[in-house]
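Taking it in order: structure first as structure tokens, then the write-up.
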Amino acid sequence: MNVSKALGKTLVASPERQHEADVDWAIVQRVQGGDVAAFDQLIIKYRERVYAVVYNMTSNREDTADLVQDAFIKAFQSINRFSGQSSFFTWLYRIAVNSALTHLRKNKLRTFFSLERVDENDRPSAEVVAALTDDANGADRETFVKELQEKLNEAMQKLSIKHRTVVSLFEIDGLSHQEIAEIMSCSVGTVRSRLHYAKQLLQSELQPYLRNER
Amino acid sequence: MNADRTDRKVTIEDLLRIKRAERPPADFWAKFERDLRAKQLAAIVAKRPWWHAIPRVLTSVARLRLPLGATAVLALTFVAMRHQAPQLADPVQDISPVQPSLASIPVHTNDDHTVMPIQSVEVTPAVAQVDRKSVV
């Protein structure tokens with residue numbers, strides 16, 4: 001099936017997304033034709049994004065690594081059943097998100113969270129940190145960032161699994177409402193309402209760190 | 001400059017932006033790849049439950065749905081026609097139920113072994129007189 005047409009039906013797809021989907025489909029067809037080594041290209045392309053989404057659902061590095069590896073293995077084992085009706089990344093994300101949801105439902109009492117390092121080269125986040133830390137020196141800034149990360153993790157964990165998933169996919173991975181609806185098998189309206197509710201909850205939890213313009 | 005920083009608005013979206021910038025350590029991906037390879041090899045040799053094959057079987061059957069369906073329709077039509085055909089082709093068979101009643105009538109044979117049913121005929125005198133008169 002023509003992936004571009006499929007995307008046109010289901011997503012408000014940008015040209016970049018369509019191109020990305022077409023490239024992925026070509027690789028998938030090679031894998032389905034027997035060139036299994038080509039699957040590595042898809043792993044390298046998507047592993048960091050899938051990791052980020054799952055990490056923000058679990059807040060635990062070891063669990064995230066296991067879940068992401070399992071997602072890639074499931075995708076590889078099912079690759080012959082992928083017919084291109086959705087884009088490959090939507091299909092892969094759906095596998096990873098469902099695996100994470102199943103894991104979280106089974107392990108509700110897990111409380112160990114890990115903190116990842118914030119990339120100093122990421123300019124938008126550096127600006128936010130700078131705005132929050134004002135005149136703090138390097139060591140104080142680092143301590144502040146760690147504290148902020150812990151608060152963010154705690155606030156995310158207070159959300160329900162579904163609300164946390166929507167926030168991870170929208171705010172952190174930057175997907176559109178339509179893409180999230182496809183991944184989570186719900187309507188766009190449901191995505192919007194979950195996002196709205198989640199942000200309200202996060203705002204109340206993180207009030208000390210928010211700043212209005214003076 | 002500091003005044004600019006302290007005046008900057010910080011929203012919940014900005015805070016979540018920090019989470020977007022979170023990265024695992026540099027050596028994480030090397031270990032990730034090793035573990036993934038080990039799991040891939042384990043998945044190859046792992047015995048899968050028998051019901052894992054069902055989706056594959058259904059997919060291959062689904063590909064043949066048109067010819068299978070056509071064959072099923074033809075087979076049903078053929079069986080239905082065979083069932084109806086014997087009743088229409090041989091009308092004698094319609095009276096076969098009569099045969100048992102004929103067979104129950106006792107018979108005798110004459111010298112040339114022709115089977116003749118025994119019939120009991122009651123001849124009334126009036127009829128017998130009419131017959132003699134007509135003959136004369």
Side-chain angles (χ1 to χ4, degrees), chain A residues 43-44 47-48 51-52 55-56 61 64-66 68-70 72-74 76-78 80-81 115-135 145 148-149 151-153 155-156 167-168 170-174 199-200 202-203 206 209-214, chain B residues 1-70:
Chain A
I43 294 175
I44 291 167
R47 64 185 187 187
E48 291 187 28
Y51 178 89
Y55 172 73
N56 284 292
R61 186 188 299 160
T64 301
D66 286 339
V68 173
Q69 286 158 2
D70 290 346
F72 279 116
I73 288 172
K74 282 180 192 170
F76 182 69
Q77 287 176 329
S78 309
N80 283 330
R81 292 208 293 273
L115 289 181
E116 301 291 18
R117 184 183 55 86
V118 174
D119 185 5
E120 289 160 358
N121 297 325
D122 184 77
R123 199 174 178 138
S125 63
E127 287 176 3
V128 173
V129 169
L132 287 170
T133 51
D134 294 342
D135 294 325
V145 168
L148 177 56
Q149 283 182 280
K151 291 291 181 195
L152 279 166
N153 279 356
M156 288 284 279
V167 169
S168 297
F170 185 78
E171 291 293 345
I172 296 158
D173 200 45
K199 281 189 183 178
Q200 281 190 321
L202 290 173
Q203 262 178 333
L206 298 167
Y209 298 95
L210 299 174
R211 276 205 195 151
N212 294 318
E213 275 174 333
R214 291 174 199 170
Chain B
M1 227 169 136
N2 288 345
D4 289 341
R5 281 189 192 169
T6 54
D7 287 346
R8 188 194 187 285
K9 186 179 176 183
V10 176
T11 62
I12 190 66
E13 287 82 7
D14 291 327
L15 294 180
L16 291 171
R17 193 68 182 83
I18 292 172
K19 289 200 75 55
R20 200 187 278 198
E22 287 177 338
R23 303 274 186 275
D27 58 351
F28 172 82
W29 293 112
K31 185 177 181 299
F32 179 90
E33 257 187 72
R34 283 197 303 272
D35 292 344
L36 179 57
R37 292 282 170 250
K39 285 186 179 179
Q40 280 176 321
L41 290 172
I44 291 169
V45 297
K47 280 188 182 176
R48 296 169 99 180
W50 63 268
W51 42 265
H52 266 209
I54 292 177
R56 213 163 2 105
V57 169
L58 289 175
T59 307
S60 19
V61 169
R63 285 195 203 119
L64 302 171
R65 61 185 179 277
L66 195 55
L68 279 176

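Quick note on labels: first sequence line is chain A, next is B, and so on, each numbered from 1.
- A heavy-atom distance below 4.5 Å is not found between the side chains of B:Leu15 and A:Leu202.
- For CG of B:Leu66, the number of neighbouring non-hydrogen atoms (other residues, nucleotides, ligands) closer than 6.0 Å is 12 at most.
- The number of heavy-atom neighbours closer than 6.0 Å to NZ of A:Lys151, taken from other residues, nucleotides and ligands shown, is 12 or below.
- You'll find the side chain of A:Asn56 reaches within 4.5 Å of the side chain of B:Glu22, heavy atoms only.
- With rounding to the nearest 0.5 Å, the separation of CZ in B:Arg17 from CD1 in A:Ile172 is 10.0 Å.
- Heavy atoms of A:Leu148 lying under 4.5 Å from chain B belong exclusively to its side chain.
- Options A:Thr64, A:Ile44, A:Asn80, A:Leu206 differ in how many heavy-atom pairs under 4.5 Å they form with chain B, and the most are formed by A:Leu206.
- For B:Phe28 and A:Tyr51, the ring centers are positioned less than 6.0 Å apart.
- Residue B:Glu13 holds its CD atom at 7.0 Å from CD of A:Gln203, rounded to the nearest 0.5 Å.
- Rounded to the nearest 0.5 angstrom, A:Phe170 CZ and B:Leu16 CG are separated by 10.5 Å.
- B:Lys39 NZ to A:Phe72 CZ: the interatomic distance, rounded to the nearest 0.5 Å, is 12.0 Å.
- Between A:Gln77 and B:Ala43 the shortest heavy-atom distance is NE2-CB, 3.5 Å.
- Taking 4.5 Å as the limit, some side-chain heavy atom of A:Glu48 sits within range of a side-chain heavy atom of B:Trp29.
- Salt bridge annotation for A:Glu171-B:Lys19: absent, with no cationic side-chain nitrogen under 4.0 angstrom from a carboxylate oxygen.
- Nearest heavy-atom pair, B:Thr11 versus A:Leu210, reported as atom, atom and distance to 0.1 Å: C-CD2, 3.5 Å.
- Contact annotation for A:Ala65: both backbone and side-chain heavy atoms come within less than 4.5 Å of a heavy atom of chain B.
- When every heavy atom of B:Leu36 is checked against every heavy atom of A:Gln69, the shortest pair comes out as CD1-O, 3.7 Å.
- Of all non-hydrogen atoms in A:Tyr209 and B:Val10, the two that sit nearest each other are O-CG1, 3.7 Å.
- Interface residue A:Asp66: backbone and side-chain heavy atoms are both found under 4.5 Å from chain B.
- Residues B:Gln40 and A:Ile73 come closest through the heavy atom pair N-CD1, 3.8 Å.
- With a 4.5 Å cut-off on non-hydrogen atoms, A:Val145 does not touch chain B at all.
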